[in-house]
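Here the structure is laid out as structure tokens; the discussion comes afterwards.
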Amino acid sequence: MIPTQGTPDREALIKHLSDRAKFVRLETVRLSKIAGAGHYTSSFSAAELFAALYYEILQYNSAEPKWPDRDRFVLSKGHAAIGLYPILADVGYFDPAELDNYTRLGSPFGDHPDMKKVRGVDFSSGSLGHGLSIAVGMALAGRVGKRLYRTFCMLGDGELHEGQIWEAANAAGHYRLGRLVAIVDRNMLCIDGFTDDVMAVEPIEDRFRAFGWQTHRVDGHDLDQLLDVFDGLPNVQDGPPQLIVADTVKGRGVRLMEYNPDWHVGNLVGADYDDVIAELEAGLRPLEEAK
């Protein structure tokens, strides 16, 4: 069980997870410099989610990547892999030094993850919108194989524009996949701009509930809230699948990137690079209104 709020253990855990979220952001900037460009903002919005999952929630064994009873994690918004790779290295799936050649010729690490090349990756992504369908299949396989693992799938809110997501949501509710957890990184933006300007996705919870899901909504940067919602999820084979809508800020942690559609993909050079590193090192500032 996760320590309760107000205890020293809880405070230490929050501090550790906050540090790991900062690590995700700093490594995203470093790796983007190696590549010459990167998906900074999609990784920044998911930093606390990645930290909570890999340092507290998921059951896995980095020394045995194919352990049959490990929890599965499907990064459907695969362009945020640049923020996931450093965590996989940090928890022992591979030597962190391997990332020093990120995206270079011969490197196993691409803009999207390849499960055949990167230890610890359960799903090879590319074109978006497929992850929830894969996660449904993994959850069904766990039921058939009488395994106790859970399957977690992180979706971008822009992926909710894809029809395949809703077919998968319908199937998950129909089969009552109680050990399936979908997480929507609700950062308000996709490559084409603000998600709701492209096509409305709200009310997300009502739409998933209509397919038989149990839903939860939290501040995706508040680690107290994240730990509580993850800890409170039922873990039953036959029950409603679980949805967490995590309200986040695309680009969280860097003032010039927050809610800025121009930074879906970008490249920091010179003083801009140094300034962003310094801003991230200083820690998250209180979030101001941004457009």
Side-chain angles (χ1 to χ4, degrees), residues 20-51 75-89 96 99-105 107-114 118 125-129 131 154-161 184-198 220-221 246-285 287-291:
R20 293 299 80 193
K22 177 193 286 190
F23 165 73
V24 166
R25 293 184 171 98
L26 288 168
E27 279 292 278
T28 295
V29 175
R30 182 180 77 88
L31 297 181
S32 295
K33 184 177 184 180
I34 295 171
H39 288 90
Y40 302 96
T41 55
S42 300
S43 176
F44 290 176
S45 67
E48 282 76 21
L49 290 164
F50 283 150
L75 181 61
S76 191
K77 50 171 281 179
H79 51 293
I82 193 172
L84 178 61
Y85 293 145
I87 287 182
L88 294 179
L99 289 172
D100 292 344
N101 292 316
Y102 171 67
T103 70
R104 301 298 86 194
L105 185 63
S107 171
F109 305 101
D111 200 36
H112 282 253
D114 186 333
V118 181
S125 68
S127 178
L128 300 187
M154 184 184 293
L155 303 159
D157 52 358
E159 288 189 277
L160 301 184
H161 296 151
V184 174
D185 181 5
R186 182 68 168 119
N187 63 27
M188 308 297 288
L189 282 158
C190 62
I191 193 170
D192 293 320
F194 285 90
T195 52
D196 287 353
D197 290 340
V198 177
H221 299 301
D247 289 308
T248 63
V249 174
K250 196 163 186 177
R252 181 70 171 111
V254 175
R255 189 185 304 266
L256 68 89
M257 295 181 182
E258 288 174 350
Y259 288 133
N260 186 342
D262 295 335
W263 278 96
H264 181 82
V265 180
N267 186 29
L268 291 164
V269 296
D272 287 338
Y273 178 90
D274 295 335
D275 289 347
V276 164
I277 291 292
E279 185 175 358
L280 291 173
E281 289 281 12
L284 292 182
R285 60 184 173 79
L287 184 64
E288 300 170 354
E289 288 296 322
K291 293 291 185 181

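For the single chain, residues carry numbers from 1 onward in sequence order.
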Residues two or more places apart in sequence or in another chain: which of them pass salt bridge (charged side-chain N to carboxylate O under 4.0 Å, His left out) with R20?
-> D90

Which side chain to side chain donor-acceptor pair (under 3.5 Å) pairs, counting each pair once, include a residue from residues 273-284, with sequence neighbours left out?
-> none

If the plane angle is over 60° it's perpendicular, under 30° parallel, otherwise tilted; pick one for H112 and H79.
-> tilted

Under 3.5 Å, side chain of H221 to main-chain N/O of V249, donor-acceptor pair present?
-> yes

Is there a donor-acceptor pair under 3.5 Å between the side chain of H161 and the backbone N or O of G158?
-> yes

Within the side chain of S76, is there an N or O that forms a donor-acceptor pair under 3.5 Å with the backbone of G131?
-> yes

E48/R25 ion pair, N-O < 4.0 Å | yes

Below 6.0 angstrom between ring centroids: does that apply to F109 and Y85?
-> yes

Once you round to the nearest 0.5 Å, how far does NZ of K77 lie from CG of L75?
-> 7.5 Å

Under a 4.0 Å N-O cut-off, is there an ion pair linking K33 with D272?
-> no

Output yes when R186 and D247 qualify as a salt bridge under the 4.0 Å nitrogen-oxygen rule, no when they do not.
-> no

Between R252 and E258, is the closest basic N to carboxylate O distance under 4.0 Å?
-> yes

